[in-house]
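Below is one structure, written out as structure tokens; comments come after it.
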Amino acid sequence: DAKTTQPPSMDCAEGRAANLPCNHSTISGNEYVYWYRQIHSQGPQYIIHGLKNNETNEMASLIITEDRKSSTLILPHATLRDTAVYYCIVIAGNQFYFGTGTSLTVIP
Amino acid sequence: DAGVTQSPTHLIKTRGQQVTLRCSPISGHKSVSWYQQVLGQGPQFIFQYYEKEERGRGNFPDRFSARQFPNYSSELNVNALLLGDSALYLCASMPQAWDEQYFGPGTRLTVT
């Protein structure tokens, strides 16, 4: 059974906010949610992570629902360089689970 | 600071052969994890090592093995290669176990 579920693809206009959802309904109380992105076939790049509170850094914001069953990654002002596959990851049973990822295309 | 390095960059092997992939973590990082990424799919977790001990294992056959050395570098070994083992193999290092991961560029393995 999938540990995380993400939409396969999304488009976003350049300069607008990109909101990428992830469902992780089986997450345990002490498990963090991590977000990474991967451009072409490069190694994935860390974006942000959180446990239960909303988090913000220089790249993005992470909103986690109160029941922790889902989260949303927000890129506040998407640029063309944000075009990538975005992965939502949880740790369960001493394994890292990458979801199927969302392919985000930022349109000029 | 140097990032995570992996060698070789590309590798071509024949079915039935054995391969060893290498990873050097970021200085000061004590944990390494390995992933297999088949074209068009997300990375699949293979192993995680922390302080030279295996801390996590994904759903891969026993043909896959790994180890971590005292300097925290790591090797991934795959025996009896199959065509389906063709993939990008990614290594990530972490300061501690189950932490924020920093990925290397990967090793592209092609099995013919």
Side-chain angles (χ1 to χ4, degrees), chain A residues 1-10 20 22-24 26-51 55-60 62 73 84-105, chain B residues 2-7 9-10 21 23-26 29 31-51 53-60 64 66 86-110:
Chain A
D1 57 341
K3 303 299 181 184
T4 63
T5 305
Q6 299 176 254
S9 64
M10 293 180 64
L20 295 94
C22 178
N23 287 321
H24 32 78
T26 59
I27 196 170
S28 297
N30 61 348
E31 293 172 348
Y32 284 79
V33 178
Y34 291 81
W35 282 83
Y36 287 75
R37 71 181 182 185
Q38 188 173 28
I39 299 173
H40 300 299
S41 289
Q42 299 176 20
Q45 176 192 21
Y46 167 80
I47 301 173
I48 199 168
H49 73 281
L51 183 62
E55 302 287 345
T56 296
N57 64 19
E58 65 277 6
M59 288 182 69
L62 175 61
L73 177 74
V85 178
Y86 288 77
Y87 293 100
C88 167
I89 301 168
V90 297
I91 301 168
N94 283 355
Q95 295 191 35
F96 290 104
Y97 286 95
F98 274 72
T100 52
T102 296
S103 178
L104 175 69
T105 301
Chain B
V4 178
T5 58
Q6 294 186 243
S7 62
T9 305
H10 295 86
L21 310 180
C23 172
S24 292
I26 292 171
H29 285 194
S31 182
V32 168
S33 56
W34 286 95
Y35 293 84
Q36 179 196 67
Q37 186 172 26
V38 174
L39 195 63
Q41 298 183 18
Q44 298 293 311
F45 175 72
I46 309 176
F47 288 109
Q48 194 237 356
Y49 277 79
Y50 176 68
E51 290 281 15
E53 291 189 4
E54 182 183 302
R55 292 296 187 94
R57 173 185 284 255
N59 298 322
F60 280 80
F64 289 77
S86 295
L88 179 68
Y89 288 84
L90 294 161
C91 171
S93 78
M94 295 166 278
Q96 304 292 333
W98 311 117
D99 207 337
E100 171 185 333
Q101 301 179 81
Y102 296 83
F103 283 82
T107 293
R108 174 72 63 186
L109 172 65
T110 302

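On a predicted model such as this, the values are computed, not experimentally measured, just so you know. Chain letters run A, B, ... following the sequence lines, proteins first, then strands; residues in each count from 1. Every heavy atom of this structure was used, including side-chain atoms; hydrogens, water molecules and symmetry mates were not.
- To the nearest 0.5 Å, atom CD of residue B:E100 and atom CD1 of residue A:I48 are 10.5 Å apart.
- The shortest non-hydrogen separation linking A:Y87 to B:G42 is OH-CA, 3.4 Å.
- Proximity to chain B is limited to the side chain of A:Y36, based on heavy atoms less than 4.5 angstrom apart.
- From B:F45, atom CZ reaches atom CD1 of A:I91 across 9.0 Å, with rounding to the nearest 0.5 Å.
- For the set A:G43, A:P44, A:S103, the entry with the most heavy-atom pairs within less than 4.5 Å of chain B is A:P44.
- Neither the backbone nor the side chain of B:Q6 comes within less than 4.5 Å of any heavy atom of chain A.
- Only the side chain of B:Y35 comes within less than 4.5 Å of a heavy atom in chain A; its backbone stays farther off.
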Run A:Q38 and B:L90 through side chain to side chain contact (heavy atoms under 4.5 Å, CB included) and show every step you take. CA-CA 12 Å; A:Q38 188 173 28; B:L90 294 161; 4.2 Å; yes

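- Using a 4.5 Å cut-off between heavy atoms, B:R57 touches chain A through its backbone atoms (N, CA, C, O) alone.
- Only the backbone of B:P105 comes within less than 4.5 Å of a heavy atom in chain A; its side chain stays farther off.
- More than 12 heavy atoms of other residues, nucleotides or ligands lie within 6.0 Å of OH in A:Y46, so this atom counts as buried by the packing criterion.
- At a 4.5 Å heavy-atom cutoff, the contact between B:Q41 and chain A is made by backbone atoms alone.
- Heavy-atom distances place both the backbone and the side chain of A:F96 under 4.5 Å from chain B.
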